[in-house]
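Step one of this worksheet: look at the structure below.
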Protein chains: 2
Amino acid sequence: MIEHKNISQPIYIKLKEMILSGELEQGEKIVQERIASLLGVSRTPLMKALLALENEYLVESIPRRGMYVKSWDKKEITDIYICREALEGMAARLLALSSNDNIIKQLQACFNPFISKKKINLETYSKADEKFHSLLIKLTGNEPLDKIYFFGKIHDKVTGRGLIRTPEETLEEHFGIIKAISKKNADEAEKLARMHIKKSRELLFNQ
Amino acid sequence: MIEHKNISQPIYIKLKEMILSGELEQGEKIVQERIASLLGVSRTPLMKALLALENEYLVESIPRRGMYVKSWDKKEITDIYICREALEGMAARLLALSSNDNIIKQLQACFNPFISKKKINLETYSKADEKFHSLLIKLTGNEPLDKIYFFGKIHDKVTGRGLIRTPEETLEEHFGIIKAISKKNADEAEKLARMHIKKSRELLFNQ
DNA sequence: TTTTTGTATTTTGTATACAAAATACATTTA
DNA sequence: TAAATGTATTTTGTATACAAAATACAAAAA
């Protein structure tokens with residue numbers, strides 16, 4: 001009956017979903033035995049998953065007290081955006097230096113469905129946006145960069161709302177970044193990618 | 001006799017030392033029971049420490065096979081330097097935007113001992129260099145940035161040698177960065193910090 | 001009433017137990 | 001000899017056991 005392949009992995013994924021969906025809410029204590037029995041596993045593989053999530057800034061551990069779902073304040077969200085600015089800017093630069101048709105096609109594919117649409121579905125666009133930004137990192141082929149980019153995938157959950165700016169505003173910016181990459185203009189690509197993040201950050205708390 | 005405060009923490013530190021010092025060498029398999037009894041603990045807290053090290057890129061896990069001391073190839077080292085370029089560049093920018101006497105003093109303190117020295121001790125300078133670069137990150141007060149900067153602290157071990165360039169060459173660059181920060185020239189500070197890392201990276205494999 | 005103290009319960013941190021997978025190694029087969 | 005097969009040993013992954021710390025809560029004291 002006991003089969004152990006990689007229980008920690010599915011637990012990790014499940015817990016991440018539960019946190020990002022709000023099923024486990026920010027600041028909530030994760031009582032190990034409770035979650036373990038909820039998921040039908042023991043505390044050992046659960047702990048592995050929790051440690052992985054701690055390293056992704058989704059869970060916070062207070063020694064001898066327990067693990068808590070991380071809650072983010074304004075400063076932390078701002079700081080995360082600043083990190084994204086640095087990392088995505090560098091990614092755009094790298095892609096510009098090594099761009100080819102395949103890379104451009106993949107990036108464009110994210111937003112092609114929205115070209116000249118009158119009404120853009122926010123949910124769909126939001127997913128495309130997330131896809132684009134993580135693709136920007138992935139396509140560089142820089143593994144360490146991808147490893148430290150985990151912030152990007154949670155930004156809209158972190159901010160507590162969906163899109164920060166309208167598709168009408170950001171769609172153009174996205175294509176601008178892609179264009180700079182395709183023209184192999186590294187400085188321009190980096191500048192635009194950074195501006196794109198910076199604008200959202202500045203809007204986030206100053207409106 | 002059983003006292004549990006935080007055994008994982010000392011194990012983590014000890015293991016990190018063992019890896020960075022070469023006592024455990026790159027690619028070596030970490031047989032859990034062996035290391036656990038070597039350190040006089042059980043596999044449970046050892047595993048916690050190993051997972052933390054895995055997230056810092058010092059240990060690599062192959063499911064059902066074991067944990068191995070990470071070994072770095074040229075591409076990975078280059079990629080790490082590229083990450084450093086992005087992160088330290090941003091850090092220098094942030095410091096320039098918020099610099100004050102205290103920050104400048106702390107940064108200068110790293111290298112003041114070497115001013116107008118005829119012969120600089122390489123070991124001492126190497127430590128000062130490491131201190132400077134992690135201080136650059138720390139002083140920004142950006143926690144997420146610090147969290148993803150773990151690369152910086154291992155760079156000379158990663159490259160398999162000590163300093164990449166001579167103190168005569170880099171000392172000036174360091175003071176240049178500090179000066180730009182003190183002048184609150186953000187663009188200049190970022191540019192110099194990035195150049196500083198880039199030069200080392202380019203020299204690393206192309207000499 | 002509010003605060004303090006003591007006791008019961010819960011929860012964490014570590015050690016240990018055990019099944020299944022991986023590995024090592026000897027024996028057999030070509 | 002080299003390859004293949006089977007068996008013993010090692011090692012991992014998970015579950016469980018248990019001590020110590022943290023917490024909850026009730027009774028006593030202010």
Side-chain angles (χ1 to χ4, degrees), chain A residues 1-19 22-71 147, chain B residues 1-19 22-71 147:
Chain A
M1 201 91 303
I2 296 165
E3 257 182 67
H4 25 78
K5 286 178 182 172
N6 231 352
I7 292 197
S8 300
Q9 184 71 9
I11 297 175
Y12 162 82
I13 292 168
K14 178 68 183 160
L15 273 178
K16 194 167 183 173
E17 277 172 14
M18 289 171 76
I19 292 171
E23 191 176 339
L24 293 171
E25 55 190 76
Q26 291 191 18
E28 184 176 340
K29 179 168 184 183
I30 297 169
V31 179
Q32 294 173 24
E33 196 58 61
R34 197 177 75 80
I35 301 295
S37 66
L38 184 75
L39 301 178
V41 295
S42 75
R43 280 168 59 210
T44 312
L46 172 65
M47 180 52 78
K48 281 194 191 180
L50 286 173
L51 289 170
L53 291 167
E54 189 190 2
N55 278 292
E56 285 188 25
Y57 240 58
L58 286 170
V59 158
E60 201 170 17
S61 158
I62 303 177
R64 264 270 155 229
R65 289 299 196 72
M67 307 281 258
Y68 297 80
V69 178
K70 183 121 180 67
S71 59
K147 194 177 175 68
Chain B
M1 200 91 304
I2 296 164
E3 258 181 67
H4 25 75
K5 286 177 182 172
N6 230 352
I7 291 198
S8 301
Q9 184 71 9
I11 296 175
Y12 162 83
I13 292 168
K14 178 68 184 160
L15 273 178
K16 195 166 182 174
E17 277 172 13
M18 288 171 76
I19 292 171
E23 191 176 339
L24 293 169
E25 56 189 75
Q26 290 192 20
E28 183 176 339
K29 179 169 183 183
I30 297 170
V31 180
Q32 293 173 25
E33 196 58 61
R34 196 177 75 80
I35 301 294
S37 66
L38 184 75
L39 300 178
V41 295
S42 76
R43 282 168 57 211
T44 313
L46 172 65
M47 181 51 79
K48 280 194 192 181
L50 286 173
L51 289 170
L53 291 168
E54 189 190 3
N55 279 291
E56 285 187 25
Y57 240 59
L58 285 171
V59 159
E60 201 170 17
S61 158
I62 303 176
R64 265 269 155 229
R65 290 298 195 74
M67 308 281 258
Y68 296 80
V69 178
K70 184 120 180 67
S71 60
K147 194 177 174 69

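Each chain gets a letter, A, B and so on, in the order the sequences are listed, and its residues count up from 1.
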Can you find a pair of side-chain heavy atoms, one from B:Ile35 and one from B:Met67, that are under 4.5 Å apart?
no
Round to the nearest Å and state the distance from A:Met67 atom CE to C:dT12 atom P.
10 Å
Per-pair distances, 0.1 Å, donor-acceptor, side chain in residues 40-47 of chain B, under 3.5 Å, sequence neighbours excluded:
from    : atom 1 : to      : atom 2 : distance (Å)
B:Ser42 : OG     : B:Thr44 : N      : 3.4
B:Arg43 : NE     : B:Gln32 : OE1    : 3.1
B:Arg43 : NH2    : B:Gln32 : OE1    : 3.4

Do A:Leu38 and A:Met18 touch side chain to side chain, with heavy atoms closer than 4.5 Å?
yes
Contact check, residues 30-43 of chain A vs DNA chain C, heavy-atom distance under 4.0 Å, returns A:Ile30, A:Val31, A:Gln32, A:Arg43
Test salt bridge (charged side-chain N to carboxylate O under 4.0 Å, His left out) applied to B:Lys147 - qualifying residues, sequence neighbours left out:
none
Counting only side-chain N and O atoms of A:Ser8, is one of them less than 4.0 Å from OP1 or OP2 of D:dT14?
yes
Assuming nearest nucleotide by heavy-atom distance, tell me which of B:Thr44 and A:Arg65 is located more 5' along DNA chain D.
B:Thr44
5'-most contact on DNA chain C: B:Lys29 or B:Lys48, nearest heavy atom basis?
B:Lys48
Hey, which of these two, A:Tyr68 or A:Pro45, hits DNA chain D nearer its 5' end, going by closest nucleotide?
A:Pro45
Rounded off to whole Å, could you give me the CG-to-C1' distance for the A:Leu51 and C:dT12 pair?
13 Å
Distance (rounded to the nearest 0.5 Å) between B:Leu53 CG and B:Lys48 NZ
14.0 Å
In the structure I gave you, are the side-chain heavy atoms of B:Val31 and B:Lys29 within less than 4.5 Å of one another anywhere?
yes
Measuring from the side chain of A:Arg64 (C-beta onward, heavy atoms only), which nucleotide among D:dT14, D:dT11, C:dT12 has the closest atom?
C:dT12
In whole angstroms, how far is the P atom of D:dA20 from the CD1 atom of B:Ile7?
13 Å
